[in-house]
Amino acid sequence: MTATATAPAPAASAAPGRPAHRDPQVLRWLGAYTASTLGDSVYHLALSWSAVRGGTPAEAGLVMAVSAVPRALLMLGGGVLADRLGPRRVVLASDTVRCLVVLGVAALVLVTSPTLWLLAGVALVFGVVDALFMPAVGALPPRIAPRDQLARVQGMRGLAQRSGAVLGAPLGGLAVALGGPGLAFAAAGALFALSLPLLLALRLRPLTGEAVKENGTAYGDLVDGLRYLRGHRVLGPLMIVIALSDLGFVGPLNVGLALLSDQRGWGASGIGWVLAGFGVGAGGASLVLGVKGRVPRAGAVLGWTMTLGAASIGALAFVPLLPVAVAVALSIGLFAGLSGSLCGALVQTECDPAYLGRVSAVSGLVSLGLAPLTFPLTGAAIGLWGVGPVYAVSAAVCALAGVYGLSVRAVRRAELPG
């Protein structure tokens, strides 16, 4: 592929200057993304329930972990494919495969009990599809909204993600209660199917400055994308910020929270309340960004919110009462949600459209490939030293991410138009 490192240009939109929440193109994309996110949540609940009912807890854990391997290994290749074929085509193909596979599993569950091998195979397919879907989704917004609306689009996407997480699990649980895992798989397939006509209705035009995709090899495209990312004055340092914040944040929130709740005697319901506080805060941050749009000195805001969020993470380990912990979790969600949305919006606005699939893939690989590796390390460290010291280290890593972002002049001065 021959790529030209031209500046990103505004995407075609149904009406230039129209707010994102009133743009039919954006609303179609958001509807498709929300349906797909809900389908993902329902599918994961159905898969975990089927795995638990069909094997031992250890076997169920292995089934759930299968999808992580191809997702981590193939994510960069998914970014190359999104840039070569176009993100809309890749997202359409991904949701079609997910729809057909899940509906097929639903039909099988109706006539026979699924084996662990079948469930593992489905999880493997989903891992491969996720590796293609995620970079392509990240490359779509500049093709459906003008540059000055991308921050709002990112905020709306954050709200869709939170809605999928909050509503998907109860919806899946209701489907399992009414008709077993077969009905839950069927509901997930229907949600994936719902996203397809919305995606087909999108009418995108190539962005000005987008490179012509011809000749070359996939490996050459990947090397070219990594070289572009390394030399970019904002995106290169931004990937380091994302990596540090995820490595410091993901382990304590997933593994550390369960151990903290157990030590404090809050129980499983305590975990739910703390996560609810986090979700409300993150949703509020997405809503603020979706409404405000323009963020002057967005890079500086990003650095400070990461630093303040790090202080909240460290404080969570020393809170004795559940209501106070929920309040602290809400502040964590607010700061982390805002900094995460700002990172995503800056990637959208700073990246040359020819490289956006590959840059989104690198960002996703850090979050979904490297950060989960901290889970066993977090558990082992808490077993050795306790919750407090581990949360303190995690807070220090997150603070380092914020301070590093503030120290890089190009990142600190980056702005989001609106």
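Residue numbers start at 1 and run along the sequence shown.
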Solution key, residues 179-200 side-chain donor-acceptor pairs under 3.5 Å, sequence neighbours excluded:
residue: Ser195; atom: OG; partner: Asp95; partner atom: OD2; Å: 2.7
residue: Ser195; atom: OG; partner: Phe192; partner atom: O; Å: 2.6

I'd like to check the side chain to side chain donor-acceptor pair (under 3.5 Å) partners of Tyr33; sequence neighbours left out, ordered by chain and number. Arg157, Gln161
Using the side chain to side chain contact (heavy atoms under 4.5 Å, CB included) rule, take Ser41 and Leu171 through it: C-alpha gap first, then chi angles, then the decisive distance, then the call. CA-CA 9 Å; Ser41 296; Leu171 180 60; over 6 Å; no
Option among Val301, Thr307, Leu308 that satisfies the side-chain contact (heavy atoms from CB on, under 4.5 Å) test with Thr305: Val301
Can you check whether Ile313 reaches Cys398 side chain to side chain, under 4.5 Å on heavy atoms? yes
Using a 3.5 Å distance criterion without hydrogens, assess whether the side chain of Tyr228 forms a donor-acceptor pair with backbone atoms of Asp352. yes
Below 3.5 Å, can you tabulate the donor-acceptor pairs from side chains in residues 330-339 to any protein atom, sequence neighbours excluded?
residue: Ser331; atom: OG; partner: Ser312; partner atom: OG; Å: 3.1
residue: Ser331; atom: OG; partner: Val328; partner atom: O; Å: 2.6
residue: Ser339; atom: OG; partner: Phe335; partner atom: O; Å: 3.1
residue: Ser339; atom: OG; partner: Ala336; partner atom: O; Å: 3.1

Donor-acceptor pair, side chain of Arg358 and main chain of Asp221, under 3.5 angstrom: yes
Taking only residues two or more places apart in sequence or in another chain, which ones pass side chain to side chain donor-acceptor pair (under 3.5 Å) with Arg88? none
Does Gln154 reach the main-chain N or O of Ser286 with its side chain, forming a donor-acceptor pair under 3.5 Å? no
Side chains of residues 71-80: which donor-acceptor pairs under 3.5 Å do they make with residues two or more places apart or in other chains?
none

So the side chain to side chain donor-acceptor pair (under 3.5 Å) pairs with at least one residue in residues 236-247 (sequence neighbours excluded) are Asp246-Ser367
Would you sort out whether Met156 and Val26 count as a side chain to side chain contact (heavy atoms under 4.5 Å, CB included), showing the intermediate values? CA-CA 9 Å; Met156 294 163 70; Val26 175; 3.9 Å; yes
